[in-house]
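Structure, as structure tokens:
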Amino acid sequence: QVQLAESGGSLVQPGGSLRLSCAASGFTMDYYAIGWFRQAPGKEREGVSCITIRDGTTYYADSVKGRFTISRDSAKKTVYLQMNRLKPEDTAIYYCATGPGPYYGRSWYSEAEYDHWGQGTQVTISS
């Protein structure tokens, strides 16, 4: 049974940092991709970042490029999202999801390309 569990969400001040974790179980990560999405109150869920486990290729939304870094630890079956220089507009529930990866024309930022989702972790940026 595929399971994804996010952790690391918290309340931090603007300019601060957080590291989110996505622990995977029940499948072999090597042949998949893990994406991070977020959903702010009253807004649609949007793609934040993605990493392909096999070769470590990374993708970022323009809004987080240069501030967020996605990485993987295959041995621990965990993907991380390091978030720096956080802004109030980063406030959202952050979800990780797994899918076959942005190959053969698939979009890394499309929810439809992901099969399994975690429950989410709340990130709040406020002074």
side-chain contact (heavy atoms from CB on, under 4.5 Å) partners of S107, counting only residues at least two apart | Y109, S110
Residue list, side-chain contact (heavy atoms from CB on, under 4.5 Å) with S71, at least two apart or on another chain = Y80
Are Y95 and V64 connected, step by step, through hydrophobic side chains (Ile, Leu, Val, Met, Phe, Trp, Tyr) whose heavy atoms are closer than 4.5 Å?
-> no
Give a yes-or-no answer on whether the side chains of D73 and T78 include a donor-acceptor pair shorter than 3.5 Å.
-> no
Side chain E6, main chain Q119, donor-acceptor under 3.5 Å | yes
Keeping to residues at least two apart or across chains, list the disulfide bond (SG atoms under 2.5 Å apart) pairs with something in residues 93-127.
-> C22-C96
Listed partners of K65 passing salt bridge (Lys or Arg N to Asp or Glu O under 4.0 Å), at least two apart = D62
For Q39, the side chain to side chain donor-acceptor pair (under 3.5 Å) test, sequence neighbours excluded, returns none
Above 12 or not: heavy atoms from other molecules or residues under 6.0 Å from OH of Y32?
-> no
Of all heavy-atom pairs between T121 and G9, which one has the smallest distance, and what is that distance?
-> OG1-N, 3.0 Å
Are V12 and F68 connected in a single hydrophobic cluster, I mean Ile/Leu/Val/Met/Phe/Trp/Tyr linked by side-chain heavy atoms less than 4.5 Å apart?
-> yes
Kindly compute the distance separating CD1 (I51) from OG1 (T69), expressed to the nearest 0.5 Å.
-> 10.0 Å
Return yes if some donor-acceptor pair links the side-chain N/O of T52 with the main-chain N/O of T57 below 3.5 Å, else return no.
-> yes
Provide the full list of ring pair (Phe, Tyr, Trp, His ring centres under 6.0 Å) pairs with a residue in residues 34-54, sequence neighbours left out, each pair given once.
-> F37-Y114, F37-W117
Which other residues belong to the hydrophobic cluster containing Y104, where Ile, Leu, Val, Met, Phe, Trp and Tyr are joined when side-chain heavy atoms lie under 4.5 Å apart, directly or via other members?
-> Y103
What are the two closest non-hydrogen atoms of W108 and C50, and how far apart are they?
-> CE3-CB, 3.6 Å
If you measure from OG1 on T91 to CD1 on I125, what distance do you get to the nearest 0.5 Å?
-> 5.0 Å
For A33 and G101 the tightest heavy-atom approach is CB-CA, 3.5 Å
By salt bridge (Lys or Arg N to Asp or Glu O under 4.0 Å) - contacts of R19 (at least two apart) = none
Quick one: salt bridge (Lys or Arg N to Asp or Glu O under 4.0 Å) partners of R67, sequence neighbours excluded?
-> D90
Does the side chain of L18 reach to within under 4.5 Å of the side chain of S10, using non-hydrogen atoms?
-> yes
Do V2 and I53 sit in the same hydrophobic cluster, where Ile, Leu, Val, Met, Phe, Trp and Tyr count as joined when their side-chain heavy atoms come under 4.5 Å apart?
-> yes
Could you state the interatomic distance from OG (S25) to CD (Q3), rounded to the nearest 0.5 Å?
-> 4.5 Å
Let me see the working for I34 and R72 under side chain to side chain contact (heavy atoms under 4.5 Å, CB included), right down to the final yes or no.
-> CA-CA 9 Å; I34 299 289; R72 78 215 192 278; over 6 Å; no
Check: residues 40-49 side-chain donor-acceptor pairs under 3.5 Å, at least two apart:
residue, atom, partner, partner atom, Å
R45, NE, E111, OE1, 3.1
R45, NH2, E111, OE1, 3.0
E46, OE2, R38, NE, 2.7
E46, OE2, R38, NH2, 3.2
S49, OG, Y59, O, 2.8

Pairs flagged by salt bridge (Lys or Arg N to Asp or Glu O under 4.0 Å) wherever residues 77-87 is involved - sequence neighbours left out | none
In chain order, what residues pass the side-chain contact (heavy atoms from CB on, under 4.5 Å) check against S126, with sequence neighbours excluded?
-> L11, T124
